[in-house]
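To keep things clear, I will list the structure first and then write my remarks on it.
We count residues from 1, following the sequence as given. For the numbers below, each heavy atom of this structure counts, side chains included, while hydrogens, waters and symmetry mates do not.
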Amino acid sequence: QVQLVESGGGLVQPGGSLRLSCAASGTIFSITAMGWYRQAPGKQRELVATIITSGGSTNYADSVKGRFTISRDNAKNTVYLQMNSLRPEDTAVYYCNARFRRSYSYIEYDAWGQGTQVTVSS
């Protein structure tokens with residue numbers, strides 16, 4: 001059983017910064033990738049950023065490029081999201097995602113965190 005625990009959300013003013021963390025634990029052989037998604041009220045859940053474990057390749061939504069940075073500590077199965085120059089439209093529940101393998105098999109699984117609220121407001 002795999003659990004993802006997010007932390008670091010909160011209330012910030014426009015232009016401020018937050019750093020989200022997500023730690024994965026449980027029966028994990030290896031993590032292929034981790035990422036962050038968000039869902040604002042009345043909106044669909046959208047990809048924010050992902051990072052590949054092997055090599056560290058990253059992918060960002062256009063709306064956050066240049067402002068957000070995703071990073072990871074592979075040894076700790078932890079992913080971070082540094083959010084700078086925050087805007088009100090960044091307000092959402094942010095969810096951590098991990099794609100992982102339980103063995104040498106190529107079968108992959110997905111796990112999701114419970115979400116952490118980020119509110120950007122004056």
Side-chain angles (χ1 to χ4, degrees):
Q1 196 168 12
V2 175
Q3 296 84 39
L4 272 61
V5 179
E6 302 113 328
S7 63
L11 173 66
V12 296
Q13 295 184 17
S17 298
L18 282 175
R19 192 189 195 208
L20 306 183
S21 299
C22 173
S25 62
T27 307
I28 302 172
F29 179 76
S30 64
I31 293 179
T32 301
M34 297 187 77
W36 292 94
Y37 296 72
R38 68 186 182 187
Q39 187 167 20
K43 301 279 189 176
Q44 296 292 104
R45 185 175 297 189
E46 64 176 349
L47 184 149
V48 177
T50 59
I51 185 164
I52 306 300
T53 300
S54 179
S57 296
T58 58
N59 184 53
Y60 296 92
D62 288 341
S63 60
V64 307
K65 286 181 179 177
R67 300 188 298 120
F68 291 10
T69 302
I70 189 170
S71 61
R72 81 275 191 265
D73 185 333
N74 291 339
K76 297 180 179 179
N77 287 341
T78 299
V79 65
Y80 307 92
L81 185 67
Q82 179 66 47
M83 305 185 294
N84 298 326
S85 302
L86 283 162
R87 305 165 180 169
E89 53 262 42
D90 294 318
T91 296
V93 177
Y94 284 70
Y95 297 91
C96 177
N97 168 261
R99 177 158 291 184
F100 64 96
R101 298 172 179 174
R102 295 187 183 276
S103 70
Y104 288 108
S105 170
Y106 285 106
I107 299 174
E108 295 186 333
Y109 303 83
D110 280 292
W112 292 88
Q114 81 289 343
T116 185
Q117 177 70 48
V118 171
T119 302
V120 185
S121 176
S122 300

Mutual orientation of the aromatic rings belonging to Tyr94 and Phe68 [parallel < 30°, tilted 30-60°, perpendicular > 60°]: tilted
Check: Gln114 main-chain N/O paired with Glu6 side-chain donor or acceptor under 3.5 Å: yes
Residue pair Val93 / Gln117: nearest heavy atoms and the distance that separates them: CG2-OE1, 3.3 Å
Side-chain ion pair, Lys65 and Asp62, N-O less than 4.0 Å: yes
Heavy-atom closest pair, residues Thr27 and Phe100: O-CE1, 4.0 Å
Residue pair Asp73 / Tyr80, side-chain heavy-atom distance below 4.5 Å: yes
Nearest atoms (heavy-atom pairs only) where Trp36 meets Ser21: CH2-O, 3.6 Å
ring-ring contact (aromatic ring centres under 6.0 Å, His included) partners for Phe29, two or more places apart: Tyr104
Whether Thr91 side chain and Val120 backbone form a donor-acceptor pair below 3.5 Å: yes
Shortest non-hydrogen contact between Leu81 and Ala49, atoms and distance: CD1-CB, 4.3 Å
Side-chain touch Thr53/Thr32, heavy atoms, less than 4.5 angstrom: no
Arg38 versus Asp90, closest heavy-atom pair with distance: NH1-OD1, 3.0 Å
Thr69 side, atom OG1; Asn84 side, atom CG - distance, nearest 0.5 Å: 6.5 Å
Ile31 to Ala24 - nearest heavy-atom pair and separation: CD1-CB, 4.0 Å
Arg99 atom CZ: more than 12 heavy-atom contacts under 6.0 Å: no
Tyr95 side chain to Gln39 backbone, donor-acceptor under 3.5 Å: no
